[in-house]
Every structure is written in C-alpha cells, then in structure tokens.
Amino acid sequence: MRKDLVQNLVELVALLIGCLVGYLLYTRMSWRVVDTHFQNSPFHIVPLLLAYLVLARMAIRSRTRLGMASFAVLNLVGFLKLSTQLTGAPQIAMVTQQILYIVIVCCHYFLVRRYAGSLGKIALIPIIMPVIVLIVIKLLSLLTWPRTSLAGAIINMTFMSYLAFRLSYLALEVRNRIIPMPIFAEHFSYAFFFPIMPVGPISRYSLFHRSLKNPQSVPLATCATRILVGLTKYFFLSNIINSVSFDGLLFDGHPHGIFDLFISSIAYYLYLYLNFSGFCDIVIGLSGILGIAIEENFDRPFHARCVKDFWNHWHITLSTYLRDILFAPLSKWLAGGLGPGQVQHAVGITLFVVFLVIGMWHGLSMNFILFGVMHGGAVACNHYYNLMLKKYLGLEHYKAYMRNRIIQAVATTLTFLYVSISFLFFANSMEKIMTLVEVIR
Amino acid sequence: MNQSQIIEKMQTIFDKLFLEPVVLTPELSAKGVEEWDSLMQISIVVAVESLFNIRFKMGEVEATQNVGQFADLIARCLASKAS
C-alpha cells in the first residue's frame, strides 16, 4: 500500500516536472506549434478542462439520475465551448450548427426510443438515420456554395462524421439487446461526450454504459502520464516530423528528386500517426480520469505485414465499426446472392467497397477516392493472392510461407512503403498532386 | 440442442476453414486464434448459417465475446425459428 503511494507520488512529481519543462520549451522556443485543430494557444482552456473533469467525475460517481443529467449538461457545455474553439466559422453559422447538432441528437434519441426495440426491419431506422444525415450534409457541402458563404459555413459540420457513426452504433447495440434502452441523459451525454467529439475514437456505447454504471478506477498518475505522452506526440513530435513532409519538404518551391517523395510520404505517415494517436492518448487519459473506458484506436500499425493487417492496427474503431455495419452484412448478402461456394468473391468485392467508403468518408473529393481505391485494391488483391497461395502451395507450404522470417520482413517493408505512398492522396488535393510532376525531376 | 452439441457441430466448420487445428471451447475467442480475423469471421458466419439453416441479424455475431456466447446465440436463433 505504502509502496504504491510512494510510486504514485514519484510519478506525479516526475509528471509535474515534465509538464513544466514542456511548457517552458513550448513558450521559449521558436518552433511554435502550427496547429491544425486549435485556433489559439490551447493552454488557456486548461482551467476550464480541470473544472469539467472535477465536476463530471463527481456527477458520474454520484450514480443518480440527477448526476447523470448534470453530466449531460456538462458535456453539452464542453461541446459548445469546444466547437467555438475549433471552428473558425462566423458566430451565426456556429450557433446554427450547434442547434443542428442538438436537434439531430434529440431526433435520433426519439427514433431509438420508438424503433430500436422492435423486431424486424423497422429497427434499422435509427441505425441508418445518422448515416443518411451525414451523407446529406456531405453532399450539400459539395454543392456550389463557396465555403466562405454563410450556408457553406453552416453545412461544414465537422463533428458529424464521428457523431453519426457513434449514434448508429448505439442504435445497433440497442437493437441487438447488448445494452438496455438508454435514458435521455445517457444518450445525450454519450452523443456529446466532448473528449471524443473532434476525432473519435468511435468508442462503443456499451463500453460507455458499463463505465457509467461501474466507473473504472485507473490511478490518476497513469491517466496523467497517458495525457502527457499524448501531448508530447501531438504538439511536439508530430510537428517536428511534419516539417519534412509534403508541405515542409516537397512543396517548398524547390525542385526535388524522386527520393524526396519517399521521405515526404514516410514523414507524413509518421506525422499522421503521432498527431492522431497522440490525440487519442489525450482523449483516453482524460476519460480515464472520469472513470470512462474508451477503446484503443492504434496498436503498433507499423508492424503490419499487409494492408489488411494495417487496418487491424490503425484507426481500429473505424475499421471495427465498418466491419459490423457494412462489411459483414454486405458480404453476407453478396454471398447469398452469388450462391454457395462464392463466399470468397463476395468477400473480395466487399473489401473493395468498404475501403472505397473509408476513403469517401474522409472527404468527398477525388484524392480521397483514390486513397480508398489504393487501399481497397491492395486488400482485395492480397485476399486473392492468399487464396491462390493456399491453392498452389498446399496448406503445409502455405504455413511455412507465412512463417518465413525473410518474407515477413519484405512484406512488412513493402506494406510500410505502400501505405506511406497512399497517404500522398490523403494529404494533398488533386491540384497539388498534379504539380508533383513539375516538382520532381 | 444444447451448447456443447452446437459447439461440436461448429467444430466441423472450423476444421474445414482454419489452417492450424483449432479446438473449440466455450471460452475460446477470436483474439486467441491468429487466423481468426474479420474475413475469416464472414466465412464462419456464412458456413454456420447454412449448416444450422438460420439467419443472424446485423452485428449480432460480432457482439459475442467467445465461442460459448456464439453457440448460445445459435441456440437462441434455432429456438426462435422453431417457435
């Protein structure tokens, strides 16, 4: 017991020193963060965040309806503050957006209440509704409005991508009786649980629900360390590596060799990992302080030996969600349609479609579609390649092939490079990609 | 059909699909078997559906944590079909 206490204290002191050093570095050094998410310095929201954490923790631990309701209100306030902080939209557009989010969530709750418990196809309504709303918003934003016009600013609802997936996952879990029908305050606080609002993870409602009923007790120092790791990745490491990625290196106005294309792509891949997983670390740490468990989103993606494997370790909650909601039903439906014995083709086709959807979910423009095609193509090809290997090598040789260290190393390297290059389409618009031809000599 | 009988029938499917022999126990989960990923899952689900002549709902199978729960789900589907 005492040993634990001492260890916790030591960790905390180390942590405070780390924070101090980090803060000093941050304020003194010239590589001030060029940040994509925050308009201003993020440090002035720290007191607000602390207040939220203390109050929300108390609200959850009380385990009463009143506590639940206050937690919902706290999250709403947090969300309103966050969206004001993140979107640079004009005041009127932002308020409209915030009202729209609240209306969408309330409508969804009504649909879940009304239909999710019923048998048959009607229960699909609350599962599909958020996705349809998302598609409509994305399509509307494609229309000719310039982003700068008021309508364009309103329709640019960035939080909807993740919100839609979480809401539909909730409805799916309610329909499958994995969790009981949520009360409004629970549904509302899950929808607006503000740490996961900006970039996920798409953590399941069942986990959230269990955490509320029985808050997990992670030592404070563990959560704080996780947050510190996240902050370091997000604000410090990712920005350093980003200085040699596409914008920093390739598009700096000078001619480059083909080798620099690889450097930029790999740097961007690392940047994206540090940026995204760093943010998830912060989110998981913050939620841990509240006692709420959040699913992990990354698990050493650089080890992946094929693109399929990559998606099992990268943005895991997105691939899990799409597996449940799109891949499984669609491939089953295709398998039924194509007839028995065609399961493998059904899987192959569906894989391609799922990755195309992943690409388009990130944004409805040509470069993201190409990103989806690259990943879908690779996964589908890999699927057929494996089938072929199994057929021609026979089981014993196939096993030996899979276990071979050299083949593993080559496959891992190729996957790493392929994924890096694919991020060329993720990071840059088509016009920029077109200028590559001039940049690279 | 009880859980162990169902698992016994499921074993025949797993023997056909997996490279390494897998011995099914109620506690076994996809995490414990290297080959058992989401692609394998589809092959398993399609095979189970045709063997037992049932249809799962979206997300039902994915929600089960281990073979035991999967078998219970099959039992429930069989029961609701019979009634």
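Numbers restart at 1 for each chain; the letters A, B, ... are given by sequence-line order, proteins then strands.
Taking CD of B:E60 as the start and CG of A:D324 as the end, the distance is 12.0 Å to the nearest 0.5 Å.
Residue A:E173: no heavy atom, backbone or side chain, is found under 4.5 Å from chain B. Neither the backbone nor the side chain of A:Y169 comes within less than 4.5 Å of any heavy atom in chain B.
Using a 4.5 Å cut-off between non-hydrogen atoms, the part of residues 378-388 of chain A that approaches chain B consists of A:H383. Proximity to chain A at a heavy-atom threshold of 4.5 Å picks out B:V45, B:V46, B:E49 from residues 45-55 of chain B, in numerical order.
More than 12 heavy atoms of other residues, nucleotides or ligands lie within 6.0 Å of CE in B:M40, so this atom counts as buried by the packing criterion. Other residues, nucleotides and ligands contribute more than 12 heavy atoms inside 6.0 Å of the CD atom of B:Q5.
Looking at A:V347, A:L334, A:L351 one by one, the single match for side chain to side chain contact (heavy atoms under 4.5 Å, CB included) with B:I42 turns out to be A:V347.
In terms of the side-chain hydrogen bond (donor to acceptor under 3.5 Å, both in side chains) criterion, A:W314 has no residue partners (sequence neighbours excluded).
Listed by first and then second residue, the salt bridge (Lys or Arg N to Asp or Glu O under 4.0 Å) pairs involving residues 374-398 of chain A are A:E396-A:K399 (not counting sequence neighbours).
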